[in-house]
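Worksheet: one structure, shown below.
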Amino acid sequence: MLGSMTTRHPQASRLARLAGLIADETRAACLLALLDGRAWTAGELARHAGVAASTLSEHLGKLVAGGLLAEERQGRHRYVRLADARVAQLVEDLAAQVAPSAVVRPRNLRESSAGSAMARGRTCYDHLAGRLGIAVTDALTVRGLLVQDTGFALTDPGLRWFDAAGIRLDRGGRRPLARACLDWTERRPHLAGVAGAALCRHALEAGWCVRIGSERAVKVTAAGERALSELLGIDEATLR
(Lines give C-alpha, C1' and ligand atoms only; values in the text may rest on other atoms or scores of the structure.)
Protein backbone atom coordinates (compact mmCIF):
# COMPACT_ATOMS: atom_id res chain seq x y z
CA MET A 1 0.00 0.00 0.00
CA LEU A 2 2.78 2.43 0.94
CA GLY A 3 4.56 1.82 -2.35
CA SER A 4 1.46 2.58 -4.39
CA MET A 5 0.96 5.89 -2.52
CA THR A 6 4.54 7.08 -3.01
CA THR A 7 5.17 9.55 -5.82
CA ARG A 8 8.82 10.05 -6.72
CA HIS A 9 9.86 13.63 -7.37
CA PRO A 10 10.31 14.13 -11.13
CA GLN A 11 13.76 15.65 -10.61
CA ALA A 12 15.06 12.82 -8.42
CA SER A 13 16.72 10.83 -11.20
CA ARG A 14 18.34 13.94 -12.71
CA LEU A 15 19.68 15.02 -9.34
CA ALA A 16 21.06 11.52 -8.74
CA ARG A 17 22.84 11.55 -12.12
CA LEU A 18 24.33 14.97 -11.42
CA ALA A 19 25.56 13.87 -7.99
CA GLY A 20 27.04 10.75 -9.56
CA LEU A 21 29.01 12.83 -12.04
CA ILE A 22 30.65 14.81 -9.26
CA ALA A 23 31.05 11.89 -6.85
CA ASP A 24 34.35 10.72 -8.33
CA GLU A 25 37.70 12.00 -7.06
CA THR A 26 39.25 12.38 -10.52
CA ARG A 27 36.26 14.27 -11.91
CA ALA A 28 36.08 16.39 -8.76
CA ALA A 29 39.76 17.30 -9.16
CA CYS A 30 39.11 18.40 -12.74
CA LEU A 31 36.14 20.54 -11.75
CA LEU A 32 38.10 22.23 -8.98
CA ALA A 33 41.04 22.93 -11.29
CA LEU A 34 38.74 24.48 -13.87
CA LEU A 35 37.46 26.97 -11.31
CA ASP A 36 40.32 29.18 -12.53
CA GLY A 37 37.98 30.12 -15.39
CA ARG A 38 40.43 29.08 -18.10
CA ALA A 39 40.33 26.30 -20.68
CA TRP A 40 42.64 23.33 -19.99
CA THR A 41 43.83 20.67 -22.38
CA ALA A 42 43.01 17.06 -21.60
CA GLY A 43 46.74 16.40 -21.10
CA GLU A 44 47.08 19.20 -18.55
CA LEU A 45 44.11 17.91 -16.57
CA ALA A 46 45.43 14.34 -16.73
CA ARG A 47 48.74 15.44 -15.20
CA HIS A 48 46.92 17.53 -12.61
CA ALA A 49 44.67 14.65 -11.59
CA GLY A 50 47.51 12.11 -11.71
CA VAL A 51 45.81 9.71 -14.11
CA ALA A 52 46.51 8.35 -17.58
CA ALA A 53 45.30 10.39 -20.54
CA SER A 54 42.97 7.58 -21.65
CA THR A 55 41.39 7.44 -18.19
CA LEU A 56 40.97 11.21 -18.07
CA SER A 57 39.38 11.24 -21.53
CA GLU A 58 36.65 8.90 -20.34
CA HIS A 59 35.93 11.14 -17.33
CA LEU A 60 35.84 14.27 -19.48
CA GLY A 61 33.38 12.62 -21.83
CA LYS A 62 30.99 12.04 -18.94
CA LEU A 63 31.32 15.60 -17.66
CA VAL A 64 30.73 17.07 -21.12
CA ALA A 65 27.73 14.79 -21.74
CA GLY A 66 26.35 15.76 -18.33
CA GLY A 67 26.50 19.45 -19.15
CA LEU A 68 29.13 20.36 -16.56
CA LEU A 69 31.92 21.03 -19.06
CA ALA A 70 32.08 22.67 -22.47
CA GLU A 71 34.51 21.34 -25.05
CA GLU A 72 36.32 22.78 -28.06
CA ARG A 73 39.07 21.48 -30.30
CA GLN A 74 41.96 23.37 -31.85
CA GLY A 75 44.08 21.21 -34.11
CA ARG A 76 45.22 18.18 -32.16
CA HIS A 77 44.31 19.70 -28.82
CA ARG A 78 41.08 19.20 -26.94
CA TYR A 79 40.20 22.01 -24.53
CA VAL A 80 37.57 21.91 -21.81
CA ARG A 81 36.22 24.54 -19.45
CA LEU A 82 33.34 24.79 -17.00
CA ALA A 83 30.10 25.09 -18.92
CA ASP A 84 29.05 28.36 -17.28
CA ALA A 85 29.02 30.43 -14.09
CA ARG A 86 26.17 28.32 -12.73
CA VAL A 87 28.36 25.20 -12.74
CA ALA A 88 31.20 27.15 -11.11
CA GLN A 89 28.85 28.26 -8.35
CA LEU A 90 27.75 24.67 -7.77
CA VAL A 91 31.33 23.39 -7.50
CA GLU A 92 32.45 26.22 -5.22
CA ASP A 93 29.39 25.84 -2.98
CA LEU A 94 30.01 22.10 -2.62
CA ALA A 95 33.69 22.69 -1.86
CA ALA A 96 32.69 25.13 0.87
CA GLN A 97 30.73 22.35 2.60
CA VAL A 98 33.87 20.33 3.26
CA ALA A 99 34.56 20.55 6.99
CA PRO A 100 37.88 22.22 7.89
CA SER A 101 38.92 19.08 9.78
CA ALA A 102 38.51 17.06 6.60
CA VAL A 103 40.96 19.16 4.60
CA VAL A 104 44.08 17.16 3.80
CA ARG A 105 47.26 18.51 5.37
CA PRO A 106 50.01 19.51 2.90
CA ARG A 107 52.58 16.77 2.32
CA ASN A 108 55.53 19.08 1.73
CA LEU A 109 56.67 22.72 1.72
CA ARG A 110 55.60 23.21 -1.90
CA GLU A 111 52.03 22.13 -1.16
CA SER A 112 52.02 24.29 1.97
CA SER A 113 53.18 27.35 0.03
CA ALA A 114 50.63 26.76 -2.71
CA GLY A 115 47.87 26.38 -0.13
CA SER A 116 48.89 29.60 1.61
CA ALA A 117 48.89 31.47 -1.70
CA MET A 118 45.41 30.16 -2.56
CA ALA A 119 44.09 31.20 0.86
CA ARG A 120 45.62 34.66 0.52
CA GLY A 121 44.08 35.40 -2.87
CA ARG A 122 42.70 33.42 -5.82
CA THR A 123 40.14 33.47 -8.55
CA CYS A 124 36.90 31.59 -8.05
CA TYR A 125 35.92 30.99 -11.69
CA ASP A 126 35.71 34.67 -12.66
CA HIS A 127 35.75 36.60 -9.38
CA LEU A 128 38.15 37.18 -6.48
CA ALA A 129 38.21 34.89 -3.48
CA GLY A 130 40.32 34.11 -0.42
CA ARG A 131 41.37 36.86 2.00
CA LEU A 132 41.64 39.24 -0.96
CA GLY A 133 38.05 38.62 -2.03
CA ILE A 134 36.79 39.01 1.53
CA ALA A 135 38.78 42.24 2.03
CA VAL A 136 37.27 43.76 -1.10
CA THR A 137 33.76 42.60 -0.16
CA ASP A 138 34.08 43.99 3.37
CA ALA A 139 35.40 47.33 2.08
CA LEU A 140 32.52 47.67 -0.37
CA THR A 141 30.05 46.89 2.43
CA VAL A 142 31.58 49.26 5.01
CA ARG A 143 31.37 52.10 2.48
CA GLY A 144 27.73 51.43 1.74
CA LEU A 145 28.46 50.36 -1.82
CA LEU A 146 27.24 46.81 -1.19
CA VAL A 147 24.56 45.55 1.18
CA GLN A 148 24.37 42.01 2.54
CA ASP A 149 21.14 42.19 4.58
CA THR A 150 18.99 39.98 2.37
CA GLY A 151 21.44 38.67 -0.16
CA PHE A 152 24.05 40.76 -1.95
CA ALA A 153 23.01 43.93 -3.78
CA LEU A 154 24.86 46.97 -5.07
CA THR A 155 23.53 50.29 -3.82
CA ASP A 156 23.14 53.36 -6.03
CA PRO A 157 26.46 54.72 -4.68
CA GLY A 158 27.93 51.32 -5.45
CA LEU A 159 26.84 51.51 -9.08
CA ARG A 160 28.35 54.99 -9.31
CA TRP A 161 31.57 53.70 -7.73
CA PHE A 162 31.98 51.07 -10.43
CA ASP A 163 31.36 53.68 -13.12
CA ALA A 164 33.85 56.11 -11.55
CA ALA A 165 36.48 53.36 -11.28
CA GLY A 166 36.07 52.59 -15.00
CA ILE A 167 34.69 49.12 -14.31
CA ARG A 168 31.89 48.42 -16.77
CA LEU A 169 28.94 46.34 -15.56
CA ASP A 170 26.94 44.39 -18.14
CA ARG A 171 23.37 44.73 -16.93
CA GLY A 172 21.72 43.18 -19.97
CA GLY A 173 22.15 39.50 -19.15
CA ARG A 174 20.29 37.11 -16.87
CA ARG A 175 23.17 36.75 -14.43
CA PRO A 176 22.62 38.60 -11.13
CA LEU A 177 24.48 41.87 -10.74
CA ALA A 178 25.75 40.88 -7.31
CA ARG A 179 25.69 37.47 -5.66
CA ALA A 180 27.14 36.00 -2.50
CA CYS A 181 29.54 33.09 -2.95
CA LEU A 182 30.61 31.19 0.16
CA ASP A 183 34.41 31.26 0.40
CA TRP A 184 35.69 27.76 1.18
CA THR A 185 38.84 28.98 2.98
CA GLU A 186 37.39 31.98 4.82
CA ARG A 187 33.94 30.46 5.48
CA ARG A 188 32.37 33.81 4.68
CA PRO A 189 30.70 35.09 1.50
CA HIS A 190 32.59 37.10 -1.09
CA LEU A 191 31.25 39.09 -4.04
CA ALA A 192 30.35 37.16 -7.19
CA GLY A 193 27.94 37.80 -10.05
CA VAL A 194 28.40 40.41 -12.77
CA ALA A 195 30.02 42.91 -10.39
CA GLY A 196 32.44 40.35 -8.95
CA ALA A 197 33.47 39.19 -12.42
CA ALA A 198 33.93 42.75 -13.71
CA LEU A 199 36.04 43.72 -10.69
CA CYS A 200 38.26 40.63 -11.05
CA ARG A 201 38.70 41.18 -14.79
CA HIS A 202 39.62 44.82 -14.24
CA ALA A 203 42.06 43.91 -11.45
CA LEU A 204 43.92 41.53 -13.78
CA GLU A 205 43.82 43.79 -16.84
CA ALA A 206 44.91 46.87 -14.89
CA GLY A 207 47.77 44.97 -13.26
CA TRP A 208 46.34 45.20 -9.75
CA CYS A 209 46.71 41.44 -9.49
CA VAL A 210 48.79 38.84 -11.30
CA ARG A 211 48.37 35.09 -11.46
CA ILE A 212 51.05 33.04 -9.75
CA GLY A 213 51.90 29.36 -10.08
CA SER A 214 49.78 26.88 -11.99
CA GLU A 215 46.75 27.02 -9.70
CA ARG A 216 44.17 29.78 -9.20
CA ALA A 217 46.31 31.87 -6.86
CA VAL A 218 46.72 35.59 -7.53
CA LYS A 219 49.01 38.15 -5.94
CA VAL A 220 48.25 41.82 -5.42
CA THR A 221 50.92 44.02 -7.02
CA ALA A 222 52.28 47.29 -5.63
CA ALA A 223 50.00 49.13 -8.08
CA GLY A 224 47.08 47.06 -6.85
CA GLU A 225 47.85 47.86 -3.23
CA ARG A 226 47.81 51.57 -4.02
CA ALA A 227 44.63 51.35 -6.10
CA LEU A 228 42.67 49.32 -3.55
CA SER A 229 43.87 51.58 -0.75
CA GLU A 230 42.82 54.73 -2.62
CA LEU A 231 39.52 53.39 -3.98
CA LEU A 232 38.35 51.30 -1.04
CA GLY A 233 40.57 52.24 1.89
CA ILE A 234 41.92 48.70 2.26
CA ASP A 235 45.04 48.55 4.42
CA GLU A 236 47.91 47.60 2.09
CA ALA A 237 49.39 45.28 4.75
CA THR A 238 46.28 43.06 4.63
CA LEU A 239 46.81 42.43 0.91
CA ARG A 240 50.26 40.85 1.33
Side-chain angles (χ1 to χ4, degrees), residues 22 25-41 44-51 68-69 80-82 85 87-140 179-193 196-225 228 232 234-240:
I22 301 173
E25 190 168 349
T26 297
R27 293 196 288 271
C30 292
L31 292 170
L32 287 169
L34 291 166
L35 277 176
D36 67 359
R38 295 178 287 184
W40 288 48
T41 67
E44 290 170 338
L45 281 173
R47 289 190 292 273
H48 176 81
V51 298
L68 295 180
L69 297 186
V80 292
R81 64 171 72 244
L82 295 181
V87 174
Q89 178 184 346
L90 172 65
V91 175
E92 185 76 7
D93 287 348
L94 287 173
Q97 300 306 311
V98 179
S101 59
V103 176
V104 178
R105 294 183 179 277
R107 294 172 295 182
N108 49 50
L109 181 59
R110 180 180 179 182
E111 286 191 359
S112 178
S113 298
S116 296
M118 288 276 283
R120 183 168 55 248
R122 65 182 182 278
T123 55
C124 172
Y125 187 54
D126 61 0
H127 55 272
L128 298 172
R131 292 196 296 275
L132 170 60
I134 294 296
V136 170
T137 300
D138 285 349
L140 289 168
R179 179 182 66 79
C181 180
L182 182 60
D183 197 292
W184 63 266
T185 53
E186 296 298 305
R187 304 285 157 172
R188 295 176 54 203
H190 56 242
L191 176 64
L199 183 56
C200 178
R201 182 171 58 252
H202 184 82
L204 291 169
E205 291 177 350
W208 295 358
C209 298
V210 293
R211 295 186 184 274
I212 55 175
S214 58
E215 298 286 346
R216 294 185 281 142
V218 296
K219 178 182 179 181
V220 179
T221 64
E225 291 179 359
L228 292 174
L232 290 172
I234 300 177
D235 184 0
E236 296 181 14
T238 66
L239 300 173
R240 299 171 184 161

[X]: what forms a side-chain contact (heavy atoms from CB on, under 4.5 Å) with it, not counting sequence neighbours?
X	value
A39	Y79, R81
L232	V136, A139, L140, R143, L145, W161, L228, I234
R131	A119, R120, E186
C200	T123, L128, L204

[X] versus [Y], closest heavy-atom pair with distance:
X	Y	answer
T26	A49	CG2-CB, 4.1 Å
Y125	A88	CG-CB, 3.3 Å
W40	E44	CA-OE1, 3.5 Å

Exactly one of V87, L45, L82 should register a side-chain contact (heavy atoms from CB on, under 4.5 Å) with L69. Which one does?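 Passing option: L82.
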
Hey, what's the ring geometry for H190 with H127, parallel, tilted or perpendicular (30° and 60° as the breaks)?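 Judged by the thresholds at 30° and 60°, the geometry between H190 and H127 is tilted.
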
Measuring from atom [atom1] of [X] to atom [atom2] of [Y], what distance do you get when rounded to the nearest 0.5 angstrom?
X	Y	atom1	atom2	value
H202	C209	NE2	SG	10.5 Å
R122	I212	CZ	CD1	12.5 Å
R216	L35	CZ	CG	4.5 Å
C124	M118	SG	CE	9.5 Å

Would you check if [X] and [Y] make a side-chain contact, meaning some heavy-atom pair closer than 4.5 Å?
X	Y	value
P189	C181	no
L132	L239	yes
I22	L90	yes

Between the side chain of E92 and the main-chain N/O of Q89, is any donor-acceptor distance below 3.5 Å?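 Absent.
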
Taking T185 for its side chain and G130 for its backbone only, find out whether a donor-acceptor pair lies under 3.5 Å.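 Side chain of T185 to backbone of G130, a donor-acceptor pair under 3.5 Å: no, none is there.
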
For R188, check salt bridge (charged side-chain N to carboxylate O under 4.0 Å, His left out) against everything at least two apart and list the hits.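 Salt bridge (charged side-chain N to carboxylate O under 4.0 Å, His left out) check on R188 returns D138.
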
Mind checking side chain to side chain donor-acceptor pair (under 3.5 Å) for E225 and listing every partner two or more places apart, or none if nothing turns up?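 For E225, the residues satisfying side chain to side chain donor-acceptor pair (under 3.5 Å) (neighbours in sequence not counted) are R240.
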
